[in-house]
Amino acid sequence: MNLRSKIMRLVLRAGLTLGLVCLVWLAWTVTRGIALAADPTGLEGTTEAAVNYVWILVCAFLVMFMQPGFAMLEAGFCRAKNAANLMTKNLMDFAIGALTFFCIGFAIMMGSSWHGLWGTTGWFMLGDYYDVDAYLLMFWMLVFCATAATIVSGAVAERLKLKAYFIYSIVVSALIYPIFGHWVWGGGWLSQLPFGLSALDFAGSGVVHAVGGFVGLAGAMVLGPRFGRYNRNGKPQAIPGHSITLAALGVFILWFGWFGFNAGSTYDPHHLIISVIAVNTALAAPAGALAALLLARWRTGKWDTGMALNGVIAGLVGITAPCAWVEGWAAIVIGLIAGALMYASVKFLESKGVDDPVGAVSAHGTCGLWGLLSVGLFADGTYGVYSIEPPFVIGLFYGGGGEQLLAQLITAVVCFVWAFGMGYLTFKLMDKAFGIRVPPEEELQGLDIPEHGTPAYPDFITGRS
Amino acid sequence: MNLRSKIMRLVLRAGLTLGLVCLVWLAWTVTRGIALAADPTGLEGTTEAAVNYVWILVCAFLVMFMQPGFAMLEAGFCRAKNAANLMTKNLMDFAIGALTFFCIGFAIMMGSSWHGLWGTTGWFMLGDYYDVDAYLLMFWMLVFCATAATIVSGAVAERLKLKAYFIYSIVVSALIYPIFGHWVWGGGWLSQLPFGLSALDFAGSGVVHAVGGFVGLAGAMVLGPRFGRYNRNGKPQAIPGHSITLAALGVFILWFGWFGFNAGSTYDPHHLIISVIAVNTALAAPAGALAALLLARWRTGKWDTGMALNGVIAGLVGITAPCAWVEGWAAIVIGLIAGALMYASVKFLESKGVDDPVGAVSAHGTCGLWGLLSVGLFADGTYGVYSIEPPFVIGLFYGGGGEQLLAQLITAVVCFVWAFGMGYLTFKLMDKAFGIRVPPEEELQGLDIPEHGTPAYPDFITGRS
Amino acid sequence: MNLRSKIMRLVLRAGLTLGLVCLVWLAWTVTRGIALAADPTGLEGTTEAAVNYVWILVCAFLVMFMQPGFAMLEAGFCRAKNAANLMTKNLMDFAIGALTFFCIGFAIMMGSSWHGLWGTTGWFMLGDYYDVDAYLLMFWMLVFCATAATIVSGAVAERLKLKAYFIYSIVVSALIYPIFGHWVWGGGWLSQLPFGLSALDFAGSGVVHAVGGFVGLAGAMVLGPRFGRYNRNGKPQAIPGHSITLAALGVFILWFGWFGFNAGSTYDPHHLIISVIAVNTALAAPAGALAALLLARWRTGKWDTGMALNGVIAGLVGITAPCAWVEGWAAIVIGLIAGALMYASVKFLESKGVDDPVGAVSAHGTCGLWGLLSVGLFADGTYGVYSIEPPFVIGLFYGGGGEQLLAQLITAVVCFVWAFGMGYLTFKLMDKAFGIRVPPEEELQGLDIPEHGTPAYPDFITGRS
Amino acid sequence: MKKIEAIIRIEKFEEVKDALNELGYPGMTKTPVEGHGKQKGLKQQFRGTTFVVEFPPKIKLEIVAADKNVDEIVDAIVTKARTGEVGDGKIFISPVESVIKVRTGEKGEEAL
Amino acid sequence: MKKIEAIIRIEKFEEVKDALNELGYPGMTKTPVEGHGKQKGLKQQFRGTTFVVEFPPKIKLEIVAADKNVDEIVDAIVTKARTGEVGDGKIFISPVESVIKVRTGEKGEEAL
Amino acid sequence: MKKIEAIIRIEKFEEVKDALNELGYPGMTKTPVEGHGKQKGLKQQFRGTTFVVEFPPKIKLEIVAADKNVDEIVDAIVTKARTGEVGDGKIFISPVESVIKVRTGEKGEEAL
Ligand SMILES: Nc1ncnc2c1ncn2[C@@H]1O[C@H](COP(=O)(O)OP(=O)(O)O)[C@@H](O)[C@H]1O
Ligand SMILES: Nc1ncnc2c1ncn2[C@@H]1O[C@H](COP(=O)(O)OP(=O)(O)O)[C@@H](O)[C@H]1O
Ligand SMILES: Nc1ncnc2c1ncn2[C@@H]1O[C@H](COP(=O)(O)OP(=O)(O)O)[C@@H](O)[C@H]1O
């Protein structure tokens, strides 16, 4: 114990010293006369460029705003005694993730590719990367990275140690997300598959949501279910969330942000198909909600509000990959199926003893894969790969044959294996090293007071122990 | 009973079968090679068009974001025991409404007109309607439709059966809103009135808000007041809402969304008058809040927070119709009057035994009509009908005579009659058929547990029975 | 007493009469044929102008949306028994402030300068000011003014009389903010300092945040600490806020709005540096949060959620002035320092007996000054004064010498003296006139019931007295 | 004097209160509680899965009354609070030795 | 031993607590309750209309004390909790037969 | 009959409940309370500064039981609720004169 803490302290000091040295070097390097840069001020600001920037930035702001959406949804679906903990996690994953992604992640994701595996340039966005275009792209990818990262907090809620979550945040933003992102969006090997137009994931059903969802699955599995989630006979018992209003608010905020997420992914508003994307985003979510609500009504006899809320997310995740390539009616069908899949997935995981307090694995993971596949089915041949020029993307139902579907299937499998595998490794290693689950008394008492020193709602009498 | 339920089951099965047949047909029709379409990818994406799209989409996102605004406002103004029910209603009216409007409503509202009464083309947005411009317009009208639909949930809160609300959602999105919308915005008969520049409703004080408000009035009247709203002697008793913070949050969100609602209604940012519209939107709301707050202070001696919040909505609804045609000072006056009217209307309805839990009828209905009329009074002759070219709109106070006012008056009357009449019919028919009010025990217990199976705040001790 | 109330009534009547006369005159003047105006409809709407308008308006909407951010943050950090009061204050400061600024404040801030001290034209935005450009600028400045105004409500929370807050709102929107704004942004004397490029405050670390923060400091000092904030021995005792989830929601909303605040301040999206600004805004906030979280962890042993939330604000305030002139790595450093400064400032004020319930003085005041100074240190010489043409802004670390730093220092000092001085005067005068603090029983009971007649959460059992 | 402690259904509170109002009673204190006797829990659901509320919420009424009034108060409560289903509640009667009225300092029955 | 059950105004709790602290008392349990005696409801308002809070919130204090200490505790409460307006509250004293201290298992007065 | 009033730690409630379940008990009422005895307050913090929760939250259990069952119930509670640290709580036993079952109108021990 004593030795271990001494070592810890040593490591800490070494780290701090190193950090300071780096900082000094950084300051020294970058501060010679004016900044080294390609085009930091955008001298060439044509109106065409200005429109692009306005669109992409506004959409990126919307995506960033999905953070409180996740925070409110997760808090609402968990217990009051862990609300401050969830707020901290949802804030700090963005904080840590953003800093990590800026310093390292972006270079790995979008830097010049090393054999299609990962990028190698653009560290700290210095030198030629100090450029308005590069910064714009970095910002866009950063908010997507933060979304992937924050999905996990729901699946591991109410029992993961804060320290473990911080470390996980670094790993996901520095490695898990950027590397898979590189494969699909950064010119990596998946984007060079010899089937159809290769791996296609318009706005990130796979790259963002399924990655987040399956890392979350890994986390939930390593952690095990919360105390009380299964009763003595192993029968699952719901643990109701503490605020349906906050959860609903979160879902609406997410939906709002999702318009930026999907429509912004043309990365160019001159592709007027952004209107079709917006419509598809507005239709898949209702379809998902409806499917989930009706299924729950059929199975339980009640109009289950929580399921309807999850259904919105399911529909949105489902339409994320195909949103630019399908018609409105297809968006509805994709959403309906996503909602049903989510319901089935929740029940399946529950029956397998996996405790995902907010349904993140089902909504983001399962439906993320479905989104990838649906491209290969419903793509209607009217839009290309982020391009209004041919070749256009055509799926099975529009006579495009099964090639694209194959590419999507491969992507889906790789996505699952990578995210789940890396997630499992990360959480398992941490668990071996220091134990990632809070002690039982702390879990019973709630994490807020022992870890953060304060209850989230000190003025209210809370009845649940 | 037994027979009835047998018939129900039969109808259900028939409906389902029909739906599936339709779906198969749909899939068959639309999936021949690539999609039938006019211009689904917007090949002609000039920068001019791109700016338009960016503006209209961003504004539409803002309007869509008004949904959680309504949800939070209504939840905050109602009791905790009905919060999950309100969340479900506010979510599902958008869900059902969006699907309905996409499939049917848009065709009725904006399709080629049949004798100025309703539109007849564009079902399911298929064929030539699979076009970026058509999708854009559909999206814009869809979010407005959803706003009209969701207003009603407040007026009928805490006692309407969920089933009735679902049916209502279909009717309003398929018929009530689209038909009136067709009359004013879709080239229908009201837009051809031979007075002034005919019926003018810039962003929808009438088409959206008054329609929603008076359908709500009909609902509230058919339902009757909540248990406890009037005491033994018939004296009105307030039933306080469970969260002023959520209500305030809702109002701020609505206000935020309203900037999109109003300024986006130029449907073209090249009309730089959008800045004037934004200012008017920013001034009418404060004026409404101030009027309501001071009136309440004068009458009750207290600084009534709830009234001030309602006042914001009142001011916003009032300025919605005239926002592009008036100066800033006029926006203030319109807002002040709207706030006062709302206050008077709340008191009037209360005295007549109409129980509108959140003040939706007064804020949206009464002030919606006032908004229509104010165009005929304050229009200053600097802007035309969604056009920067003459003829410009001039009201009474700027020497335009009473013609425009007459057109507005007719529109207001038609609006009231149509919305209230259709609303009454809808709710009354449903009431005859299956009874739209929940049983008394359910109302006392709150709708959350009996209908949805879960309380909204299970962790907190709630004291009110 | 009787005499005083008679005089009050007289004054009131006189005021009302005067107001009505003014209104009649206004109506008479402005309504002769069509409106007097420069260009109210923007006949010249080129696409270039349209993009500018879209960008500026959307960013202004985002800034306006910071209002609920402040409202939720402050409510969350205060007790449930004052929540309705805080909602009223946060709503009405915008309401009163917007009306005041439209009528008077804008003329003082941006009208033709009188000796560099204040503006003198543009009252009520009449005549030539009825112009799309003028309205746009007014709107932009209005939402900034509202931000400055609302910051104060946090520092004086839970004990200031509503009446005093209303009067303060008028003073800050008519005088304190506009005059200082004139000095820096309206062509006033600070913008003509003979050092460096004179006073530079890109988006308002000083003009908006430090002004708000130090007026708040004055208010908090005149009021004195809340009952219970210091125990018998003078030791500070925290008074925990009633909802960490609302507080976190508020911070996320603020952050979202801040992207508009900072990036919109180019006032022209053709300056593509808006992408760099967005990135800096996305990096400084996490850095601030991290610094505050780690400092609190080091000093208290707990992961203090509230401090992390304050840290976000600190980082954002710090980057506000330099956001267009620094690289990403510098934004991180500025944010880290801001977070630490905020922590130190909170502790310092606490030790001096100043009770700032939400940390507004430290986050906005202290970090606002730091933001001003940081321009003189980190400006990297790639961007000019709202211009992509030279001269470019260079700070000490990039070889620019100390001149700019000197200009910034002067601005910071003037900012502090002006804001604190004027704030102190305002609150002290009011205190002498009628006493600005609520009576002790009212403070103990909470302001909601005595002032507003209603508790914020009537359905919940609240335990804290 | 006796303390009458009645644990009743939340939904029945209004009726009980009205009945007691007609009867006239010295005063009443109401506490939100949770409990169960024979009634062994309530089923609710969340996100598609049920859970058992082992201690359903109830209202506890406490009335301290003069000995002679106890019976009629108890009768009124029993009549109004009954539904016949498990979960109707219990009434406990226990001795109170002394009562003090804070406002006046009075003691004993007149303090009620 | 006796149980002293005092129902007081929320605003008076701090003062009462301080007074009891000076006196020294074995322990105290505090419950948020709602009730009324002579005080027949509080007027509040919402969106411009008033409503009556028939059971205004109060604080219930329970102190189990040795017989000899009861009077001084009651006196302290009465003195501090009084405003003279209706709604000041009541104090009920009832017998306690036995006390057990969970931590140690001690019984009787020394368990207090 | 006796009323057993046990004030215990929130975290210990589940264990106590399970033990009582095994024992079998007539019924139970649970109230969230706040209190302190020897335990003189809990430290928490907010925005970097500590504060003292003078009355930490506890759970109060009330069980009215037949005289003969009192001891085993008390024993079960004491065993399960104990941690040995201050704040473990107290159990008070007081007389109950009569019990009425609302559902049936039964009185006395069979009403439990
Ligand atoms: N022996 C008891 N001790 C304390 N409280 C009890 C006891 N029995 C019942 N209660 C309280 O009475 C309430 C109703 O009792 P329950 O057994 O559900 O009703 P019933 O016996 O009429 O079916 C319970 O929720 C519980 O709070
Ligand atoms: N007979 C009673 N039984 C139980 N509680 C009572 C009784 N009388 C008063 N109370 C409690 O005491 C509180 C104060 O009583 P109240 O009659 O309002 O004060 P006062 O008699 O001094 O005017 C009430 O809110 C109620 O909770
Ligand atoms: N004399 C008393 N009267 C009423 N309640 C008491 C008394 N003593 C203790 N309590 C209650 O019991 C709880 C635990 O008591 P405490 O003194 O903290 O435990 P311990 O004595 O085992 O250290 C307190 O929170 C309080 O609610």
Side-chain angles (χ1 to χ4, degrees), chain B residues 47-48 51 54-55 58 62 79-80 240 242-245 248-249 251-253 256 259-260 263 269-276 278-279 282-283 285-287 289-290 293 300 302-306 308-309 312 327-329 332-333 380-383 388 392 394 397-399 460-464, chain C residues 23 26-27 30-35 37 40-43 45-47 49-51 53-54 57-58 60-61 64-65 67-68 71-72 75 83-84 87-88 90-92 94-96 98-99 102 124-126 130 132-133 135-136 138-139 142 162 246 451-461:
Chain B
T47 295
E48 202 182 323
V51 186
V54 167
W55 175 244
V58 170
L62 289 176
R79 284 165 291 182
H242 85 282
S243 173
I244 295 290
T245 44
L249 176 63
V251 165
F252 275 116
I253 290 178
F256 177 52
F259 284 109
H270 294 80
H271 296 189
L272 303 184
I273 200 163
I274 49 179
S275 70
V276 176
V279 168
L283 293 175
L290 204 63
L293 186 80
T300 69
K302 298 284 178 189
W303 300 104
D304 195 296
T305 313
L309 294 172
V312 170
E327 287 185 79
W329 74 268
I332 298 177
V333 175
D380 63 8
T382 58
Y383 184 64
I388 55 177
F392 293 144
I394 309 195
F397 295 165
Y398 282 81
F460 297 98
I461 304 281
T462 51
R464 204 156 65 173
Chain C
L23 214 72
L26 196 73
V30 295
T31 57
R32 295 166 300 189
I34 65 161
T41 47
L43 297 178
T46 61
T47 294
V51 186
Y53 271 61
V54 168
L57 283 176
V58 170
F61 301 162
M64 191 271 163
F65 194 48
Q67 293 292 320
M72 294 302 114
M87 291 303 106
T88 316
N90 275 280
L91 175 64
M92 295 316 294
F94 189 95
I96 295 174
L99 298 176
F102 172 81
F124 294 89
M125 304 296 293
L126 290 176
Y130 186 26
V132 291
D133 279 343
Y135 262 58
L136 187 69
M138 199 289 294
F139 187 48
L142 184 156
L162 206 60
L246 281 192
E451 299 243 336
H452 306 280
T454 183
Y457 305 105
D459 284 8
F460 297 98
I461 305 282

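If you're wondering where the values come from, they're calculated on a predicted model, not measured in any experiment.
- Of the listed residues (C:A75, C:A84, C:P455), the one with the most heavy-atom contacts under 4.5 Å to chain B is C:A84.
- With sequence neighbours excluded, the residues satisfying ring pair (Phe, Tyr, Trp, His ring centres under 6.0 Å) with C:Y457 are A:F460, C:H242.
- Judged by distance alone, the side chain of C:D459 and the main-chain N or O of B:T462 form no donor-acceptor pair under 3.5 Å.
- Evaluation of the side chain to side chain contact (heavy atoms under 4.5 Å, CB included) rule for C:A71 yields B:F252, C:M87, C:N90 as partners, not counting sequence neighbours.
- Looking at B:L283, both its backbone and its side chain come within 4.5 Å of chain C, counting heavy atoms on both sides.
- The line from CD1 of B:I332 to CG of C:L99 is 5.0 Å long, rounded to the nearest 0.5 Å.
- Here C:L126 contributes atom CG and B:E327 contributes atom CD; the two are 6.5 Å apart, rounded to the nearest 0.5 Å.
- Aromatic ring centroids of C:F139 and B:F259 lie under 6.0 Å apart.
- Nearest approach of C:L91 to B:V312, heavy atoms of both residues: CD1-CG2, 3.7 Å.
- Between C:Y53 and B:S275 there is a side-chain heavy-atom pair separated by less than 4.5 Å.
- Test B:V276, B:I274, B:L272 against C:Y135 for side chain to side chain contact (heavy atoms under 4.5 Å, CB included) and you get one pass: B:V276.
- Only the side chain of B:L62 comes within contact range of chain C, judged by heavy atoms closer than 4.5 Å.
- Both the backbone and the side chain of C:L136 come within contact range of chain B, each with at least one heavy atom under 4.5 Å from a heavy atom of that chain.
- The candidate from B:V251, B:L249, B:V51, B:V279 with the greatest count of non-hydrogen atom pairs under 4.5 Å with chain C is B:V279.
- Interface summary for chain C: among B:P286, B:G381, B:A282, the most heavy-atom pairs under 4.5 angstrom belong to B:P286.
- In the model, B:T305 has a side-chain atom that pairs as donor or acceptor with a side-chain atom of C:T88 under 3.5 Å.
- Contacts between B:I253 and chain C at a heavy-atom distance below 4.5 Å involve backbone atoms as well as side-chain atoms.
- Side-chain contact between B:L290 and C:M92 is present, with heavy atoms from C-beta onward closer than 4.5 Å.
- Taking the side chain as every heavy atom from C-beta outward, B:V58 and C:F61 never approach each other to under 4.5 Å.
- Interface residue C:L162: only side-chain heavy atoms are found under 4.5 Å from chain B.
- Heavy atoms of C:F102 lying under 4.5 Å from chain B belong exclusively to its side chain.
- Between C:H452 and B:D304 the shortest side-chain heavy-atom distance does not fall below 4.5 Å.
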